[in-house]
**Student:** 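There's a structure below that I have some questions on.
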Amino acid sequence: TNIYAKDENLDCKISMGRAKKYIVDDNYNMIKHNSAKMATIKQSITALTNMLTDEVRKADSDYLATSGRIKPNRIWRAEHSSNKAIFSKKEVNENGGIVVDLVLDASGSQERRELEIQNQAYIISETMSNLGIPCRVVTFDNIGAYTRFVLLRDYDDPREANKGCFGYKAMVDNRDGFALGVLSYDDLHRPEENKIMIVLSDGSPLDCLLYTSPSPRDKRQYRMPSSA
């Protein structure tokens, strides 16, 4: 059930709710019982996990120092060179943590790619779980004067919640920029220093209300604050 509210800070109408459980279960079970498709998805999860793990390892690099773990092939420099750096130390990339927002465009133009987007979102979510990175998955679209967000999984949900990605449903209009602006506010309150937003969209926003509504007030409600 969606909860409708007016956010006074954003001066707009929004709704936020969870995906319907029966839709999630039906779509997930359909994929789960397709052994060939599930095998492909698992391979993609493994490949993406390995690739990102390798990138993290590259960020943890060794550097030469005057103390640490001795490097035998540099011992001669201690006597024959002014460079006394004959030790190595590991520089650990302590970057303050990472959080990921996976945002799915749920406009009607995405309907033909619905299953593909469900699979892609699930692969990314499972990969983030493998890496221990908090990940939220949200869809967005428009219904009249409301921008609607559907939460498929929240940042700190358990791995089992990843199947919520199969609750993705493409239907009506959308305003990409406005939706991303709203979701970015939540990021600011997360403790992680590195905030990543991944958007799966066809890049074709369509907001019929701006063309059909005679009310200037409806248009004013769509304005983002100047600080956004």
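Note that these values count all heavy atoms, side chains included, but never hydrogens, waters or copies made by symmetry.
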**Student:** Nearest 0.5 angstrom please: Tyr28 OH to Met38 CE, how far?
**Tutor:** 5.0 Å
**Student:** Any heavy-atom pair between the side chains of Leu131 and Leu52 that's under 4.5 Å?
**Tutor:** yes
**Student:** With a cut-off of 3.5 Å and sequence neighbours excluded, list every side-chain donor-acceptor pair involving residues 41-49.
**Tutor:**
unit_1, atom_1, unit_2, atom_2, d
Ser44, OG, Thr40, O, 3.1
Thr46, OG1, Lys42, O, 3.1
Thr49, OG1, Ile45, O, 2.7
Thr49, OG1, Asn130, ND2, 3.1

**Student:** Tell me, please, which residues at least two apart from Asp154 pass side chain to side chain contact (heavy atoms under 4.5 Å, CB included).
**Tutor:** Arg18, Arg136, Leu151, Asp157
**Student:** List, by chain and then residue number, the residues other than Val99 in its hydrophobic cluster (Ile/Leu/Val/Met/Phe/Trp/Tyr, side-chain heavy atoms under 4.5 Å); write none if there are no others.
**Tutor:** Tyr155
**Student:** Rounded to the nearest 0.5 Å, what separates atom OH in Tyr168 from atom CD in Gln110?
**Tutor:** 4.5 Å
**Student:** Do Ile31 and Leu115 have side chains that get closer than 4.5 Å, going by heavy atoms?
**Tutor:** yes
**Student:** NZ of Lys195 to CG of Asp101: how many Å apart, nearest 0.5 Å?
**Tutor:** 9.5 Å
**Student:** With rounding to the nearest 0.5 angstrom, report the CG to NZ distance, Asp141 to Lys169.
**Tutor:** 11.5 Å
**Student:** Is there a side-chain contact between Lys37 and Asn119 (heavy atoms, below 4.5 Å)?
**Tutor:** yes
**Student:** Taking only residues two or more places apart in sequence, or in another chain, which ones meet Lys163 in a side-chain hydrogen bond (donor to acceptor under 3.5 Å, both in side chains)?
**Tutor:** Asp25
**Student:** Taking Ile117 as the starting point, is it possible to reach Met128 by hopping between hydrophobic residues whose side chains are less than 4.5 Å apart?
**Tutor:** yes
**Student:** Using side-chain hydrogen bond (donor to acceptor under 3.5 Å, both in side chains) as the criterion, list what pairs up with Asn162, not counting sequence neighbours.
**Tutor:** Glu126, Ser129, Arg153
**Student:** Within a radius of less than 6.0 Å around CD of Glu116, do more than 12 heavy atoms belonging to other residues, nucleotides or ligands occur?
**Tutor:** yes
**Student:** Check whether any side-chain heavy atom of Tyr122 sits under 4.5 Å from a side-chain heavy atom of Ile124, and report yes or no.
**Tutor:** no
**Student:** Could you tell me whether Arg190 and Asp156 make a salt bridge, using a distance below 4.0 angstrom between a side-chain N and a carboxylate O?
**Tutor:** yes
**Student:** How many angstroms lie between atom SG of Cys165 and atom CD1 of Ile123, to the nearest 0.5 angstrom?
**Tutor:** 10.0 Å
**Student:** Are any non-hydrogen side-chain atoms of Ile98 and Ile196 less than 4.5 angstrom apart?
**Tutor:** yes
**Student:** Do the side chains of Val138 and Leu104 get nearer than 4.5 Å, heavy atoms only?
**Tutor:** no
**Student:** Does Asn142 reach the side chain of Arg148, with side-chain heavy atoms less than 4.5 Å apart?
**Tutor:** no
**Student:** Kindly indicate whether the side chain of Thr139, heavy atoms from C-beta on, has any atom under 4.5 Å from the side chain of Phe149.
**Tutor:** no
**Student:** Could you pull out all residues at least two apart from Ser107 that satisfy side-chain hydrogen bond (donor to acceptor under 3.5 Å, both in side chains)?
**Tutor:** Asp105, Ser109
